[in-house]
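All chains are named by letter (A, B, ...) in the order of the sequence lines, taking the proteins before the strands, and each is independently numbered beginning at 1.
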Number of protein chains: 2
Amino acid sequence: MRSAPRGNGAVVTTAAPTPPTTPAAGGRDLPHPGRHEIRLESVLHALADPMRLQVVRELAAVGDELSCSHFDLPVTKSTTTHHFRVLRESGVIRQIYRGTAKMNGLRQEDLDALFPGLLDSVLAAATSQAARLADAGATDA
Amino acid sequence: MRSAPRGNGAVVTTAAPTPPTTPAAGGRDLPHPGRHEIRLESVLHALADPMRLQVVRELAAVGDELSCSHFDLPVTKSTTTHHFRVLRESGVIRQIYRGTAKMNGLRQEDLDALFPGLLDSVLAAATSQAARLADAGATDA
DNA sequence: CGGCTCGTACGATAGCCATCGTAGTACGGC
DNA sequence: GCCGTACTACGATGGCTATCGTACGAGCCG
């Protein structure tokens with residue numbers, strides 16, 4: 001880590017022009033790291049937080065974009081925004097404004113191209129661990 | 001994160017009794033998390049640090065145990081000790097005293113059993129990113 | 001237009017963590 | 001028995017970061 005240039009130096013190489021699913025608010029767009037700006041340590045760091053890992057798991061599960069407000073995290077909205085920003089700036093998710101909502105999508109293609117298999121292993125590991133912990137909890141209680 | 005029980009609750013399930021390669025100093029042994037004590041977030045957190053990732057990469061490369069002093073990290077010995085402890089407490093490496101030296105080995109079997117493919121993807125990703133960055137640097141300069 | 005909801009920005013706070021330096025413990029060799 | 005080597009423990013420090021609260025800007029709806 002020791003990076004996260006908060007000021008951002010936006011590159012947005014992967015600016016897939018967002019096919020007009022909805023008219024989209026063209027005004028605001030957010031700085032994303034280009035595919036080759038993505039650093040492994042940042043990704044690992046982003047995924048190392050339980051809150052963020054949960055978000056990523058959910059995104060992977062639905063395989064589609066989700067609005068920020070869809071997630072019911074046990075933290076305030078400020079903190080949620082913060083986590084989403086970390087995920088975006090590390091290159092794990094893509095965020096686009098659509099009206100008042102902000103849609104979040106996993107950058108699966110970019111991550112797979114850069115770090116083949118990584119995301120899948122992490123997701124599988126998270127799932128298996130969740131099952132294991134739930135099991136232990138059920139057995140204990 | 002928000003975990004890392006520094007106080008440790010040592011379980012040492014995986015205490016492979018250390019085949020007598022050398023007489024070994026039986027006196028001191030270190031607390032390791034048992035296989036099922038290993039938490040994904042802790043592992044990711046451990047691997048998210050460049051210093052520690054480098055250590056893990058080196059361990060994987062030689063596929064054998066290495067003494068702490070073998071590593072020539074650009075930090076003081078105190079810090080090195082700290083990083084090795086983080087790696088051990090997160091369950092990524094195993095440490096055994098052998099005389100005055102402390103040998104470090106990757107817990108590949110445990111990690112593979114728990115999080116199949118994870119370690120490999122991370123290592124592959126690290127290698128590919130290192131190559132990519134070295135390339136960019138060579139091109140730039 | 002007025003208000004509502006969604007999300008951001010900014011400032012504050014507390015805790016963690018990477019780093020260092022120094023002092024101390026454990027082994028092995030002379 | 002002494003000393004050097006290998007690592008650890010403890011304390012200090014600065015920076016990051018997860019968290020909150022409040023105040024604000026942007027679209028949508030009535």
Can you check the [X] [atom1] to [N] [atom2] distance for me, whole Å?
| X | N | atom1 | atom2 | value |
| --- | --- | --- | --- | --- |
| B:Glu41 | C:dC16 | CD | P | 16 Å |
| A:Asp49 | D:dC16 | CG | P | 18 Å |
| B:Arg98 | D:dC7 | CZ | C1' | 16 Å |
| A:Arg88 | C:dG7 | CZ | P | 13 Å |
| B:Leu30 | D:dA6 | CG | C1' | 13 Å |
| B:Tyr97 | C:dG28 | OH | P | 13 Å |
| B:Glu89 | C:dA18 | CD | P | 12 Å |
| B:His82 | D:dG11 | NE2 | P | 17 Å |

Report summary line: Regarding the side chain of A:Lys77, the nearest nucleotide among D:dT19, C:dC6, C:dT19 is C:dC6

Query raised in the report: Counting side-chain heavy atoms from CB outward, which of D:dC20, C:dC20, D:dT17 is closest to B:Thr76?
Result: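 The closest nucleotide is C:dC20.
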
Report task. Indicate yes or no: at least one non-hydrogen side-chain atom of A:Arg57 is less than 4.5 angstrom from one of A:Thr127. Result ->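 The answer is yes, as the side chains (C-beta and beyond) meet within the 4.5 Å cut-off.
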
Requested in this report: Applying side-chain hydrogen bond (donor to acceptor under 3.5 Å, both in side chains) between B:Gln95 and each of B:Arg85, B:Arg88, B:His32, report the one that passes.
Outcome: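 Of the listed residues B:Arg85, B:Arg88, B:His32, the side-chain hydrogen bond (donor to acceptor under 3.5 Å, both in side chains) partner of B:Gln95 is B:Arg88.
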
With a cut-off of less than 4.0 Å, is there a side-chain N or O of [X] near OP1 or OP2 of [N]?
| X | N | answer |
| --- | --- | --- |
| B:His83 | C:dC17 | no |
| A:His45 | D:dC16 | no |
| B:Thr100 | C:dA26 | no |
| A:Thr79 | D:dC20 | yes |
| B:Arg85 | D:dC7 | no |

**Report entry** Check: B:Arg35 side chain, B:Ala113 main-chain N or O, donor-acceptor pair, under 3.5 Å
**Finding:** no

Query raised in the report: Quick one: do the B:Thr79 and B:Thr76 side chains pair a donor with an acceptor below 3.5 Å?
Result: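 Yes, B:Thr76 and B:Thr79 have a side-chain donor paired with an acceptor closer than 3.5 Å.
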
Query - Donor-acceptor pair under 3.5 Å, A:Ser78 side chain vs D:dG21 base - result: yes

Query raised in the report: How far apart are the C-alpha atoms of B:Arg94 and B:Asn104, what are their side-chain angles, what is the distance that settles it, and do they pass the side chain to side chain contact (heavy atoms under 4.5 Å, CB included) test?
Result: CA-CA 6 Å; B:Arg94 192 186 310 108; B:Asn104 304 277; over 6 Å; no

Report summary line: Of A:Asn104 and B:Val75, the one whose nearest nucleotide on DNA chain C sits closer to the 5' end is A:Asn104

